[in-house]
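First the structure, in the form of structure tokens, and then the observations on it.
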Amino acid sequence: MSSPLSAGSVAVERKGDVAVLKMNLPGAKENTLNETLSADLKSAIEQVERDDSVKAVVLMSGKPNSFVAGADIGMLKKAKTAEEAAKLSRDGQQQFDKLEQLKKPVVAAVMGSCMGGGLELAMACHYRIAVADKKTQLALPEVMLGLLPGAGGTVRLPKLVSVPNALDMMLTGKKVKADKAKKMGLVNQVVQPLGDGLKPAAEMTHEYLEKVAIETARDLASGKLKAKKEKGYMEKATEAVTKNSFVLDRAILKMARDKVMKMTMGNYPAPLKILEVVRTGLVEGHEKGLQHESKAFGELCKRSETAALMGLFHGSTECKKNKFGQGKEVKEIAVIGAGLMGAGIVNVSIDKGYRSVMLDMSEAGVERGVGQITSQLNGRHKKKRISLLEKERFLSNLIPTTKYSDIANSDLVIEAVFEDIGIKHKVIQQIESVVRPGTIIASNTSALPIAEIAKGSKNPEQIVGMHYFSPVDKMQLLEIITHRGTSKEALATATAVGLKQGKLVVVVKDCPGFFTVRCLGPMVAEVVRLMQEGVAPAELDKLTKQYGWPVGAATLADEVGIDVAAHVATFLGQSFGERMKGADGLLKEMIDAGFKGRKTGKGIFVYGSGKKGEKKANEESMKILQKYKLTPKASVSSKSDQQLRIVSRFVNEAVMCLEEGIIATPSDGDIASVFGLGFPPFWGGPFRFVDLYGADKLNADMNRYAAEYGIAFKPCNLLAQYAKSGEKFYK
């Protein structure tokens with residue numbers, strides 16, 4: 001029997017006495033729980049409920065790569081009030097409650113992404129089977145959007161897994177693979193993927209999953225198999241203890257809350273709401289838990305932090321799209337320089353199928369780079385993120401060398417050598433002497449103008465900037481820089497490679513420092529001024545982290561490197577004048593004394609041994625600071641003023657970049673700032689910050705600071721204009 005719904009987003013197929021419901025949203029790569037899929041699913045469930053000949057149900061996707069990737073967050077935009085958003089939550093809860101209350105056993109057969117509302121749907125089923133492949137991952141990532149699970153997830157998850165595991169999933173949004181989900185109790189059964197056969201492996205596995213799920217559904221209907229395993233005495237006792245209000249409040253939830261506050265400084269309301277709602281469900285039961293969940297969901301939907309995080313989600317989705325075409329076909333990449341950055345770029349290329357030549361001037365340099373790459377792959381293998389076979393395959397794409405002749409067949413060459421224009425010109429000329437005509441050459445410079453670098457090339461139209469961020473394997477941003485003569489092919493090629501490497505790509509126009517480093521420059525200058533005014537490094541770290549920066553400002557300077565910060569500060573000061581200048585002499589003295597930051601063991605702080613070695617203020621650096629001591633201006637030196645002085649200089653420079661056309665949109669600036677430099681995500685980036693804080697208020701504060709410090713705080717024209725008109729960057 002075939003259902004009338006088979007032409008819509010849910011097909012109902014009969015396999016004897018089992019109804020197989022296949023979700024397949026037309027025209028979409030992945031299923032999302034939008035209004036269409038939700039309505040069709042509801043109709044399909046009602047249909048099989050009425051049909052007495054149906055004894056059991058299998059719920060699965062018609063797409064092998066996606067069970068359900070989550071709810072359609074576009075629906076939240078239609079909710080104008082917290083009450084309307086809460087109603088969306090209640091509607092989802094009621095639909096999944098009805099599924100859970102179905103008298104016929106329902107088996108969720110999960111293959112591919114099972115996120116958010118998709119996992120809540122699976123948890124409402126009576127039995128869950130998941131495929132143990134890489135693409136099958138289960139998660140409740142709502143917290144990353146400033147929300148909490150709103151369709152019963154906060155109530156159902158703690159019933160299936162231990163409370164600590166449930167909190168860990170909801171508070172971090174972490175993805176769980178099938179094998180781990182089985183150990184946790186989130187899924188009942190795991191199916192191993194099949195290899196290629198008469199059909200592709202994914203198709204074969206999908207068909208096998210359906211067969212296993214149908215057999216399981218029949219066994220559940222006949223009573224041969226029980227949906228819920230009988231718990232042992234110890235398991236029951238542990239569950240009773242962990243769900244006791246006394247233990248919850250004084251141990252489990254207290255520890256979780258302390259951890260949340262330490263990590264977020266209280267800047268994100270969603271994790272704290274999750275703790276409250278989970279407690280209600282555990283202590284007061286299913287119905288009270290759902291009521292609290294929908295109310296909290298509605299309240300969070302209207303928070304500014306949620307708007308900011310959703311803006312970042314939409315912006316990052318845009319940055320994953322290729323807007324410039326495929327460009328030149330790239331099979332082989334060469335990277336010149338096997339240092340931290342060069343080896344990092346190779347690292348994110350070899351596992352994407354690129355044959356990657358890593359060239360350094362010395363054997364020792366090459367060995368260091370190979371060691372870095374091997375160590376990173378070993379770490380991934382140890383954590384079971386890749387198999388031994390995959391590790392060896394990735395390493396087979398690596399060609400370490402000291403000979404320029406070995407890059408002759410490369411389609412894209414990325415130079416990652418020292419930030420010196422003369423050295424870069426020399427390297428480009430050596431590259432061009434061996435590569436084929438038409439080879440694209442990219443510079444991984446962080447600040448030097450691409451137009452100046454291109455002057456060293458015979459073919460300046462083939463020169464483009466590809467600014468990666470360290471550590472390359474962890475930082476998501478790639479800033480691509482075009483000079484006036486950069487060809488469309490060079491831009492398209494660099495973009496396509498960056499996207500394949502898994503990066504969020506933001507394209508900016510050429511200028512000293514581009515967008516990211518140019519914004520960071522004045523902020524670092526203000527950080528140094530605060531230390532000159534007597535703010536202790538540890539206190540500076542604390543007040544910046546409390547404002548939402550992931551790394552304290554003083555620690556960040558050490559991580560970047562005092563020598564690098566000084567080099568960039570001098571360069572930007574020469575390019576932009578007084579607005580960027582400050583502390584050149586102080587930083588030079590620190591460098592001359594060998595205090596270059598974490599890499600030398602001493603910078604602003606002194607570091608203990610090991611990655612997590614204790615750090616304390618470097619007394620010798622503090623003596624140098626004393627020589628450059630400034631008297632703080634009492635009227636602008638409160639804690640809130642100190643925090644705003646740091647962020648306002650960053651924001652003002654970002655707005656100036658938009659004004660000058662360096663970035664195309666506010667969203668590009670926000671994505672680059674958050675994912676490249678760690679701008680506080682709950683503010684959503686510098687442009688969202690202006691909208692939320694208020695352009696008029698920021699303009700007034702900056703004028704107040706300018707009265708004391710001069711041009712460094714002069715609001716740019718666009719900011720002053722928005723302050724006067726009340727216009728916003730996001731409509």
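Positions are given from 1 along the sequence.
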Exercise. Let me see the working for E318 and S667 under side-chain hydrogen bond (donor to acceptor under 3.5 Å, both in side chains), right down to the final yes or no.
Key: CA-CA 9 Å; E318 282 301 306; S667 179; over 6 Å; no

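Looking at Q501 and S349, their side chains do bring a donor and an acceptor atom within 3.5 Å of each other. Checking S457 against E432 by side-chain atom types alone, a donor-acceptor pair falls below 3.5 Å. The closest side-chain donor-acceptor pair between Q137 and S113, if any, does not fall under 3.5 angstrom.
Dense packing is recorded around NZ of K599, with more than 12 heavy atoms of other residues, nucleotides or ligands lying under 6.0 Å away. Around atom NZ of K424, more than 12 heavy atoms belonging to other residues, nucleotides or ligands sit under 6.0 Å away. More than 12 heavy atoms of other residues, nucleotides or ligands lie within 6.0 Å of CE in M475, so this atom counts as buried by the packing criterion. Atom NZ of K391 has more than 12 neighbouring heavy atoms from other residues, nucleotides or ligands inside a 6.0 Å radius. Under a cut-off of 6.0 angstrom, the local environment of NZ in K180 is sparse, with at most 12 non-hydrogen atoms contributed by other residues, nucleotides or ligands. No more than 12 heavy atoms of other residues, nucleotides or ligands shown are found within 6.0 angstrom of NZ on K509.
A donor-acceptor contact shorter than 3.5 Å links the side chain of T486 to the backbone of H483. A donor-acceptor contact shorter than 3.5 Å links the side chain of T493 to the backbone of K328.
Looking only at side-chain heavy atoms (C-beta outward), D360 and E367 stay at 4.5 Å or farther from each other. With a 4.5 Å cut-off on side-chain heavy atoms, T136 and F67 do not count as touching. The shortest distance between side-chain heavy atoms of H206 and M60 falls below 4.5 Å.
Rounding to the nearest 0.5 Å gives a distance of 10.0 Å between CG of L171 and OG1 of T264. To the nearest 0.5 Å, atoms CD1 (I480) and NZ (K503) are separated by 11.5 Å.
Applying the side chain to side chain contact (heavy atoms under 4.5 Å, CB included) test to R380 and every residue at least two apart in sequence or in another chain returns D351, Q376, L377, R385, I386, F394.
Checked against L140 for a side chain to side chain contact (heavy atoms under 4.5 Å, CB included), the options E120, M115, K174 give a single hit: E120.
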Using a 3.5 Å cut-off and no angle test, enumerate the donor-acceptor pairs between side-chain atoms of residues 207-214 and protein atoms at least two apart in sequence or in another chain.
unit_1: E207; atom_1: OE1; unit_2: K199; atom_2: NZ; d: 3.4
unit_1: E207; atom_1: OE2; unit_2: K199; atom_2: NZ; d: 2.5
unit_1: E210; atom_1: OE1; unit_2: K22; atom_2: NZ; d: 3.0

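Ring geometry for F418 versus H567: interplanar angle of 30 to 60°, hence tilted.
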